[in-house]
Amino acid sequence: MDPIEISAAGMRAQRARMDAIAANLANVDTTSARTEVRDGEVRHVPFRRKLAVLVEGAGGLPALKVIEDRSEFRAEHQPGHPHASAAGTVLFPNVDPMVEMVDMMAASRAYEANLTAAEVAKSMHQSALRILG
Amino acid sequence: MIERLFSRGAVSTLESMLSFASRRHEVIARNIANVDTVGYRTRDLAELRSVDAGVLKPNGNNVDLEIEMSKMVRNNALHSTAAALLAQQFTLLREAISGQLHS
């Protein structure tokens, strides 16, 4: 396989991870992503954190799998909030901005590493062409 | 007759060096692309027999970015050395054919 192709797949995977992180950060306070009716009461379900997991796909290239983070929502007592339950509890997304920032740094560093690998592949092509004189 | 110029000695050795460096770059690029892939273990060419791996991360991945980058730089140096030497071989050949020195 062409090494530039491999590095491009790596960059694509990291950028998709970055997309998931950006969506999480954008929805850090989204208290009503959807509603559901339980016991005759309309309940607001907050945004659930998306986790971008890379798995090995065809040709040994990374493939993206987006899964939902099943950890608990953050509950706060705010009776005046429009999305509060009858008991006055508001559920907030299970997104921790600090965790997202760290993930973002890791993704950006890995993206750069793939970019460097693509540049090295390019310079190898060029030095091979110089053999022609 | 003329094939013997290319099939033996330095030219064929340098050609093997070049193809080795190209194949190794492909493996290293794949390791770097999979730096965050769950359960991926770092690989190398079969003929090298040993694999330089980092510590196992909690997601079952042992690709060490620093190790891979240094392997890539060394491999790139090997490739450009082989390419430069090969170019030199062809320059010598051209000089022998034309009977005059190239600058």
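Just so we're clear, the structure is a prediction, and the values are computed from it rather than from any experiment. Sequence lines set the chain letters: A, B, ... in the order given, protein chains first and strands last, and positions in each chain run from 1.
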Residue, of A:M124, A:H125, A:Q126, A:E56, that accumulates the most heavy atom pairs under 4.5 Å with chain B: A:M124
Pairs of heavy atoms under 4.5 Å with chain A: top-ranked of B:E68, B:M69, B:Q88, B:R94: B:M69
Which atoms of A:A13 approach chain B - backbone, side chain, both or neither, heavy atom under 4.5 Å: neither
Top of A:R130, A:K65, A:Q14 for chain B proximity - count of heavy-atom pairs under 4.5 angstrom: A:Q14
Parallel, tilted or perpendicular: ring planes of A:H83 versus A:H44, cut at 30 and 60 degrees: tilted
More than 12 heavy atoms of other groups within 6.0 Å of B:R23 CZ: yes
Most contacts with chain A, counted as non-hydrogen pairs under 4.5 angstrom, among B:V35, B:L65, B:N59, B:L18: B:L65
A:M101 CE: over 12 foreign heavy atoms closer than 6.0 Å: no
Partner chain B: residue of A:I4, A:L132, A:L64, A:T116 with the largest heavy-atom pair count (under 4.5 Å): A:T116
Residue A:E36 excluded, over 12 heavy atoms near CD under 6.0 Å: yes
Chain B interface, residue from A:A9, A:A128, A:A107, A:A121 that has the most non-hydrogen pairs under 4.5 Å: A:A121
Carboxylate-amine/guanidinium contact A:R49 A:E68, below 4.0 Å: no
Interface moiety of A:E5 toward chain B, non-hydrogen atoms closer than 4.5 Å: neither
Selection from A:P62, A:S127, A:P3, A:G10 maximising heavy-atom pairs under 4.5 Å formed with chain B: A:P62
Portion of B:N75 that has a non-hydrogen atom of chain A nearer than 4.5 angstrom: side chain
Hphob cluster co-occupancy, A:V66 + A:V53, side-chain heavy atoms under 4.5 angstrom: no
Side chain to side chain, B:I32 and B:M72, heavy atoms closer than 4.5 Å: yes
Side chain / backbone / both / neither for B:A21 at chain A, heavy atoms under 4.5 Å: both
Interface moiety of A:R12 toward chain B, non-hydrogen atoms closer than 4.5 Å: neither
All side-chain hydrogen bond (donor to acceptor under 3.5 Å, both in side chains) counterparts of A:R74, not counting sequence neighbours: A:E76
